[in-house]
Chemist: 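I'd like to ask some things about the structure below.
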Amino acid sequence: MSNILATMGLSRFIENPKTNFSQLGKSLLIPLIGLLIFLFIWEIGAKNVHTSLGTFPGPAAVYQQSLTLIEEHKAERIKEVKFYERQDVRNEKKLAKNPDAKIKVRPYTGKPTFFDQIITSLITVLAGFVIASLIAIPAGILIGLNSTLYSAFNPLIQLFKPVSPLAWLPLVTMIVSAVYVSKDPMFAKSFITSLITVSLCSLWPTLLNTAVGVSSISKDLQNVSQVLRLNWFTHIVKIVLPSAIPMMFTGLRLSLGIAWMVLIAAEMLAQNPGLGKFVWDEFQNGSSNSLGRIMVAVLVIGFIGFLLDRCMLFLQRKMSWDKTVVLR
Amino acid sequence: MSQPPQHLELTKVDIDFPTPNGPFKALQDINLTINKGEFVSLIGHSGCGKSTVLNIVAGLYQATNGGCLLDGKEVNAPGPERAVVFQNHSLLPWLTAYENVELAVKQVFGKSKSKAEMREWIEHNLSLVHMDHAMDKRPDEISGGMKQRVGIARALAMEPTVMLMDEPFGALDALTRAHLQDSLMEIQKDLNNTVIMITHDVDEAVLLSDRIVMMTNGPAATVGEILHIDLPRPRDRIALADDPQYNHYRHEVLTFLYEKQRTPDSGLSSKKKDEATLKVATGEHKPKAKGEDKAA
Ligand SMILES: Nc1ncnc2c1ncn2[C@@H]1O[C@H](COP(=O)(O)OP(=O)(O)OP(=O)(O)O)[C@@H](O)[C@H]1O
Ligand SMILES: [Mg+2]
C-alpha cells in the first residue's frame with residue numbers, strides 16, 4: 001500500500017502524518033485549486049463552443065456520460081448472462097430428450113462496451129510493449145557492446161525512430177493479411193496489426209537508451225571485469241545490465257508512453273477493437289451524446305497513460321540500485 | 001640476458017597515448033626487475049605515470065615498445081593472478097561489500113572451494129580490513145576509506161601471485177592506515193606474494209618496501225632511482241621512528257622528490273643520464289636485484 005502511495009507521489013504524507021499536516025494541506029490544495037480552475041474554464045469555454053453535434057460538453061455532461069457508459073456496460077453483462085442461461089436451458093432440454101444429442105455452445109456476440117474496449121487496448125499495448133522490449137533490450141545490449149554494430153545500425157535507427165505509426169499502419173495491415181493466414185487463427189488479424197504497429201513504434205527509445213547505457217559503462221568497472229576475467233555471460237549479468245538499468249528504464253518508460261499513444265491512433269485508423277475504435281465509432285455515430293462520450297474516452301486514455309507510467313516508475317524504483325537518485 | 005627467467009620483468013617499456021594533438025609519450029624506457037615475494041613501492045609526483053606502469057603489469061594497458069614478462073610469460077591481458085587495488089576503489093555500486101568480494105572469490109576459487117569455505121574466506125578477508133561489520137552495505141552507503149578497504153579485501157581474497165596496489169591507503173585515516181599496513185606486511189610475509197604499491201607517502205614506502213622505485217616527472221617518465229630498504233623484518237613503526245637507518249632512507253626519498261624532481265617539467269634527456277650515473281655512484285647495487293640496470 002505504501003508503495004502504491006509512494007508511486008503516486010504521496011509518500012511524504014505517510015512517513016510523517018502529523019508534523020507535515022500543513023504541508024499535506026498545501027500539496028493537496030494547490031493541485032486541487034488547479035483542477036478547479038481547469039474545470040471552471042472548461043465549463044465556461046464549452047458553453048461557447050457550438051458544433052454540429054450540439055454544444056461542447058462541459059464537466060457535468062461528461063460526468064453524466066461516464067455514468068451512462070457504466071450503465072451500458074452493466075446492461076450488456078446482464079444480457080450476456082441471460083444469453084448463456086437461455087442457451088443452457090435449451091441444451092438441457094435437448095439432452096433430456098436425447099442424451100446423445102450434440103450440444104453447441106455459441107459464444108455471445110454482443111457489442112463490446114466501453115470497458116471491453118479498455119481491456120482490449122490494455123492487452124494490446126502491454127503485449128506490444130513486451131514484444132518491443134524483448135527485441136529492443138537484447139538488441140540494445142549488442143549494439144551498445146560493439147561499436148562497429150553501433151555505427152552500422154545507428155543511421156537506420158535514427159531513420160526509423162521518427163516514423164509515425166500512421167505510415168507503418170497500411171504496410172503492416174497489408175503484410176499481416178498476406179502472411180497471417182490460418183483457418184482458425186489464435187489471434188484476430190486486427191490484434192496482430194495493432195500489436196506490430198505498436199511494437200515497431202515503441203521499439204526505438206528502449207533500443208537507443210539501452211545501447212547508450214551499455215556503451216557508457218565506466219572504464220573502471222570494465223577494468224574490474226577484465227582483471228577478474230569474467231566470462232561474457234557473467235560480464236553482462238553482473239556488470240553490463242546493472243549499470244545500464246537506469247538508462248534502460250528511461251527508455252522503457254518513453255517506449256510505453258509512445259506505445260499507448262500509437263495504439264490509440266492505430267485503433268482509430270484501422271478500426272481495430274480498442275479505445276481508439278470507440279472514439280472513432282462515436283465520432284461516426286454523431287449523436288448528441290457523442291462528444292461527451294469521446295471526452296470520457298479522452299480522460300480515460302490520459303488516466304491510463306498516467307497509470308502505466310507510474311507502474312513503470314514503481315518498477316524502476318524496485319530495480320534501481322542507486323537509491324540516491326530521485327526518480328520522478 | 002642469459003640468466004634464468006626473472007619473476008617479473010619490465011624491459012624497455014615505452015607507452016604512447018593517442019591524443020588529439022598526436023601521441024603522448026607517458027613512459028619511456030622503463031626497466032625493472034622484481035623478485036618473487038618482493039615488496040616494491042612506486043613513488044613519484046602526481047601525473048608522472050605510476051598508475052600507467054601498474055596498468056601495464058596488470059595487462060590493462062599494452063606497452064607501445066618493450067614489454068612485461070611474468071615468470072617468463074608475456075603479459076598481454078589482465079588476469080586474477082595479478083589482482084589490482086584500484087586508485088578509485090572501483091567497486092560495483094549495485095553489490096554489497098560482501099557481494100563485491102564474492103564476485104572475485106567465485107571467479108578464483110569457484111571450483112576449488114565449497115560454498116561454506118568461500119563464505120568463510122570472504123568473511124575472513126573482510127574482517128582483515130575491519131569491514132566485517134558493514135558487509136551488507138553498498139558502496140554508496142559507506143565512506144571513501146571503507147570502500148578502499150573493501151577493494152583491498154577483494155584483491156587479498158584472490159590470493160594473487162602479484163598484488164598491484166594503486167594508492168591503497170590514500171583515503172584512510174592514520175590509525176586505520178597503520179593497522180592495514182601492518183596487516184598487509186603480515187599477509188605478504190605469509191603468502192610470500194609479490195607486491196607493487198603506488199604511494200605518495202614516504203613513511204609508508206620506507207616502512208613497507210624492500211625497494212622503492214622513484215620515478216622522474218613526466219612526460220616520458222622513467223625510473224629515476226631505486227632505493228633498497230635494508231631493514232630487518234618484522235618492522236615496527238614505533239621502533240623505526242628513531243632508527244637512523246630508517247631516517248636515512250626517508251631522507252633519500254625526500255631528497256629525490258623535493259630536490260631532484262622538484263620542477264614539474266624537468267627536461268629528461270640529460271637528467272636521466274645524470275640519475276643513472278648517480279645511482280651507480282651511490283653504490284646502490286645489491287645482489288638481490290640485477291635487472292633494473294638500464295639495459296641501454
Ligand atoms: N588513457 C590515457 N590516455 C591519455 N593519456 C593518459 C591516459 N592515462 C594516463 N595518461 C597520461 O599519462 C600520464 C600519467 O598518468 P598516470 O595516471 O599514470 O599518473 P599517476 O602517476 O598515476 O598520477 P597520480 O599520482 O595523480 O595518480 C598523465 O599525464 C596522464 O594524463
Ligand atoms: Mg595514479
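Just so it is clear, the model here is predicted, and its values are computed rather than measured. Values reported hereafter were calculated over all heavy atoms of this structure, with side chains retained and with hydrogens, waters and symmetry mates removed. In what follows, every chain begins at residue 1, and chains take the letters A, B, ... in the order their sequences are listed.
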Chemist: If you count the non-hydrogen atoms of other residues, nucleotides and ligands that lie under 6.0 Å from CZ in B:Phe109, is the total more than 12?
Modeler: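 Enclosed: over 12 neighbouring heavy atoms sit under 6.0 Å from CZ of B:Phe109.
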Chemist: For atom NZ of B:Lys137, decide whether the heavy atoms of other residues, nucleotides or ligands shown that lie under 6.0 angstrom number more than 12.
Modeler: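 Counting other residues, nucleotides and ligands, NZ of B:Lys137 stays at 12 neighbours or fewer.
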Chemist: Are there more than 12 heavy atoms of other residues, nucleotides or ligands under 6.0 Å from atom CD of B:Gln62?
Modeler: yes
Chemist: Calculate, to the nearest 0.5 Å, the distance between atoms CH2 and OG belonging to B:Trp94 and A:Ser243 respectively.
Modeler: 4.0 Å
Chemist: Taking NZ in B:Lys36 as the centre, count heavy atoms belonging to other residues, nucleotides or ligands within less than 6.0 Å. Is the count above 12?
Modeler: yes
Chemist: A:Ile245 versus chain B, heavy atoms under 4.5 Å apart: side chain, backbone, both or neither?
Modeler: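 It is neither, since no heavy atom gets under 4.5 Å.
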Chemist: Chain B contacts: which residues in residues 210-228 of chain A have a non-hydrogen atom closer than 4.5 Å to it?
Modeler: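 Contacts with chain B: A:Asp220, A:Leu221, A:Asn223, A:Val224, A:Gln226, A:Val227, A:Leu228.
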Chemist: Other residues, nucleotides and ligands only: do more than 12 of their heavy atoms fall within 6.0 Å of NZ on B:Lys113?
Modeler: yes
Chemist: What part of B:Glu99 lies closer than 4.5 angstrom to a heavy atom of chain A: side chain, backbone, both or neither?
Modeler: neither
Chemist: Flag the one option from A:Ile239, A:Thr234, A:Asn231 with the top tally of heavy-atom pairs under 4.5 Å to chain B.
Modeler: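 Highest number of pairs under 4.5 Å: A:Ile239.
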Chemist: Counting heavy-atom pairs under 4.5 Å with chain A, which one of B:Val108, B:Leu103, B:Val84 comes out on top?
Modeler: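 Ranked by heavy-atom pairs under 4.5 Å with chain A, first place is B:Leu103.
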Chemist: Quick check: closest heavy atoms across B:Gln107 and A:Arg229, and the distance to 0.1 Å?
Modeler: NE2-O, 3.0 Å
Chemist: Which atoms of B:Ala58 are under 4.5 Å from chain A, going by heavy atoms: the side chain, the backbone, both sets, or neither?
Modeler: neither
Chemist: If we define contacts as heavy-atom pairs under 4.5 Å, which of B:Asn55, B:Asn88, B:Leu91 has the most with chain A?
Modeler: B:Asn88
Chemist: Give a yes or no on whether B:Glu117 atom CD has more than 12 heavy-atom contacts from other residues, nucleotides or ligands under 6.0 Å away.
Modeler: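 Enclosed: over 12 neighbouring heavy atoms sit under 6.0 Å from CD of B:Glu117.
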